[in-house]
Amino acid sequence: MKKLVAFGLILATAGLLFAQSVTEPNPELVGADSAMLSLREISIDKFEREGSWSVHISPDDGVIAARLFEGNPAMKEPLAEDEGKEDEDTMVLGVRVDFFRRGLDSFTIKSNRPIAVEGTVKTVSLWVCGRNQEHDMWVLCQDYFGRNYELYLGNLGFSGWKKLTCVVPPSPDGEHGIVQSSAYYGNKPGFKILGFRVDCNPMQARGSYYVYLDDLRVVTDLYDYENRDEDDMLDDL
C-alpha cells in the first residue's frame, strides 16, 4: 500500500512539473544569477504604422502581400502605461501568401529598421492570429556583435488569437551565444529584433494563407540602466 501511495505521489509531482513546463516562461528565472533584477514588460511595436514592415517570399514559391487591418486581440491585457489609450491601438498587421505549389516554403516579415531594445532581454512575445495550419514561426534577432540568431516562437496550428512567447537564452561567458552587453565595447543596446520567419508545413503550403500580428513585446532587465549613477558619464566617444 505504501508503495502505491509513493508511486501516486511521484505521478502527481511529475504531472505538476509538466503542467508548469508548458506555461509561459518566467523571465525571473532566465539566466538568473543574482537578486539584482528590474524586470519590465515593454511593448516595442503595436503594428499601427503603415509601411513599417516588409514581407518576402521566394518568387519561385508564391506571392505575398501585407497591410494593416482594424482589429485587436480581445484577451490582450494592456500595460499600465497604456491604460486609457485604447484608441491608439486599433490596428494589426495582416499577411497573405498565395502558394504556387506544395513544398518546403518559407516567408519573412521584417521590420524596415532593426528594433533595438535596452537592457537584458529575457523573453519576446507576439500576439498571432493563426488559421490552424502547422507552420512554424521564428523570431529573427541580432546580438551585441551583430551576429544573427533565430529563436523558435511557436507552431501556428491554432485558430484565433494566441500569445506566443520565446526565451532569449543568456550567454554563458559573454563571448558565445546571444551576447547582449559588453564591458569592452561601450553601453549601447545590444539586442535587436529584425523580424520573423515562417517555415511552412509542405503538406499545407497550398492555396492562400493568412496570418495576423499584433503587439510585439519584450520583458527586459533594466537594473543597470535604472541604477546608473547620475554623475557617471556615457561611453559615447
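In this chain, residues are counted from 1 in sequence order.
- By the 4.5 Å heavy-atom criterion applied to side chains, Val63 and Phe100 are counted as neighbours.
- In this structure, Asp136 and Arg197 have side chains that are not in contact, with every pair of non-hydrogen atoms separated by 4.5 Å or more.
- With Gln133 contributing its side chain and Asn201 its backbone, the two residues share no donor-acceptor pair below 3.5 Å.
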Handout entry: Stepwise side chain to side chain contact (heavy atoms under 4.5 Å, CB included) check, Val211 with Arg131
Key = CA-CA 7 Å; Val211 63; Arg131 286 295 181 259; over 6 Å; no
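- Here the straight-line distance linking atom OH of Tyr209 with atom CG of Asp98 works out to 13.0 Å at 0.5 Å rounding.
- Minimum heavy-atom separation, Pro73 to Trp127: CB-CE3, 3.8 Å.
- Connection of Val128 to Phe69 is not established within any shared hydrophobic cluster, with ILVMFWY side chains joined at heavy-atom distances below 4.5 Å, either directly or through further cluster members.
- Proximity of a side-chain donor or acceptor of Thr123 to a complementary backbone N or O of Cys166 within less than 3.5 Å is not detected.
- At least one donor-acceptor pair under 3.5 Å links the side chain of Ser111 to the backbone N or O of Arg113.
- The pair Glu88-Arg49 does not count as a salt bridge, with every side-chain nitrogen at least 4.0 angstrom from each carboxylate oxygen.
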Exercise for the section: Go through the steps to decide whether Phe191 and Tyr144 satisfy the test ring-ring contact (aromatic ring centres under 6.0 Å, His included), and finish with yes or no. Expected result: CA-CA 6 Å; Phe191 185 82; Tyr144 191 91; over 10 Å; no
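- Side-chain atoms of Gln180 do not come within 3.5 Å of backbone N or O of Gly190 as any donor-acceptor pair.
- Rounding to the nearest 0.5 Å places CG of Leu216 at 4.0 Å from CD1 of Ile44.
- With contacts defined as side-chain heavy-atom distances shorter than 4.5 Å, the pair Glu48/Thr90 qualifies.
- Shown here for Thr165 and Ser125, the closest heavy-atom pair between the two residues is OG1-CB, 3.5 Å.
- Side chain of Gln204 to backbone of Glu134: a donor-acceptor contact under 3.5 angstrom is found.
- Grouping the Ile, Leu, Val, Met, Phe, Trp and Tyr side chains by contacts below 4.5 angstrom, directly or via other members, places Leu93 apart from Trp161.
- Atom CH2 of residue Trp138 and atom CG of residue Leu151 lie 8.5 Å apart, to the nearest 0.5 angstrom.
- Donor-acceptor pairing under 3.5 Å is lacking for the side chains of Ser52 and Asn112.
- Side-chain contact check for Met203 versus Arg102: some heavy-atom pair is nearer than 4.5 Å.
- For Pro202 against Leu104, the heavy-atom pair with the smallest separation is CG-CD2, 3.9 Å.
- Taken from CG in Leu222 to CD in Glu118, the straight-line distance is 7.0 Å, to the nearest 0.5 Å.
- Met137 approaches Leu126 most closely through the heavy-atom pair CE-CD2, 3.7 Å.
- Scanning both residues, Gly177 and Asp143, for their nearest heavy atoms gives O-OD2, 3.4 Å.
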Practice task
Would you check, one step at a time, whether the test salt bridge (charged side-chain N to carboxylate O under 4.0 Å, His left out) holds for Lys46 with Asp82?
Solution key: CA-CA 11 Å; Lys46 294 185 175 68; Asp82 291 334; 3.2 Å; yes
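- Taking CG of Leu194 as the start and CG of Leu140 as the end, the distance is 6.5 Å to the nearest 0.5 Å.
- In Lys192, the NZ atom is not crowded: 12 or fewer heavy atoms of neighbouring residues, nucleotides or ligands sit closer than 6.0 Å.
- A donor-acceptor pair under 3.5 Å links the side-chain atoms of Asp221 to the main chain of Ser38, judged by distance alone.
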Handout entry: Audit row: His135, Asp199, side chain to side chain contact (heavy atoms under 4.5 Å, CB included) steps and yes/no
Key = CA-CA 6 Å; His135 306 319; Asp199 294 335; over 6 Å; no
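- The number of heavy-atom neighbours closer than 6.0 Å to CZ of Arg206, taken from other residues, nucleotides and ligands shown, is 12 or below.
- Residue-environment remark: CD (Glu70) stays at or below the threshold of 12 foreign heavy atoms within 6.0 Å.
- For the pair Cys200 and Ala205, the tightest heavy-atom approach, listed with the atom from each and the gap, is CB-CB, 4.0 Å.
- With no hydrogens or angles considered, a side-chain donor-acceptor pair links Tyr210 and Arg96 at under 3.5 Å.
- Under a hydrophobic-cluster definition in which Ile, Leu, Val, Met, Phe, Trp and Tyr are linked whenever side-chain heavy atoms come within less than 4.5 Å, directly or via other members, Phe107 and Leu153 are assigned to the same cluster.
- Using a 4.0 Å cut-off between charged side-chain N and carboxylate O, Glu50 and Arg67 make no salt bridge.
- Using bins of under 30°, 30° to 60° and over 60° for the plane-to-plane angle, the ring pair Trp53/Phe196 lands in the parallel bin.
- Between Ser171 and Ile178 the shortest side-chain heavy-atom distance does not fall below 4.5 Å.
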Practice task
Start with the C-alpha gap between Arg217 and Asp45, add the side-chain angles, then the distance that decides, and say whether salt bridge (charged side-chain N to carboxylate O under 4.0 Å, His left out) holds.
Solution key: CA-CA 7 Å; Arg217 296 184 182 183; Asp45 200 308; over 6 Å; no
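- In the displayed structure, Lys163 atom NZ is contacted under 6.0 Å by more than 12 heavy atoms of other residues, nucleotides or ligands.
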Handout entry: Verdict with reasoning, Asp214 to Lys76, per salt bridge (charged side-chain N to carboxylate O under 4.0 Å, His left out)
Key = CA-CA 10 Å; Asp214 192 38; Lys76 183 177 69 173; 2.9 Å; yes
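- Between Tyr149 and Arg147, the closest side-chain pair of non-hydrogen atoms falls below 4.5 Å.
- Leu213 and Ile57 fall within a single hydrophobic cluster, where Ile, Leu, Val, Met, Phe, Trp and Tyr are joined by side-chain heavy atoms under 4.5 Å apart, directly or via other members.
- Note on Ile109 and Leu156: same hydrophobic cluster, where clusters join Ile, Leu, Val, Met, Phe, Trp and Tyr whose side-chain heavy atoms are under 4.5 Å apart, directly or indirectly.
- Within the model, atoms CG of Asp215 and CG of Asp89 stand 6.0 Å from one another, a figure rounded to the nearest 0.5 Å.
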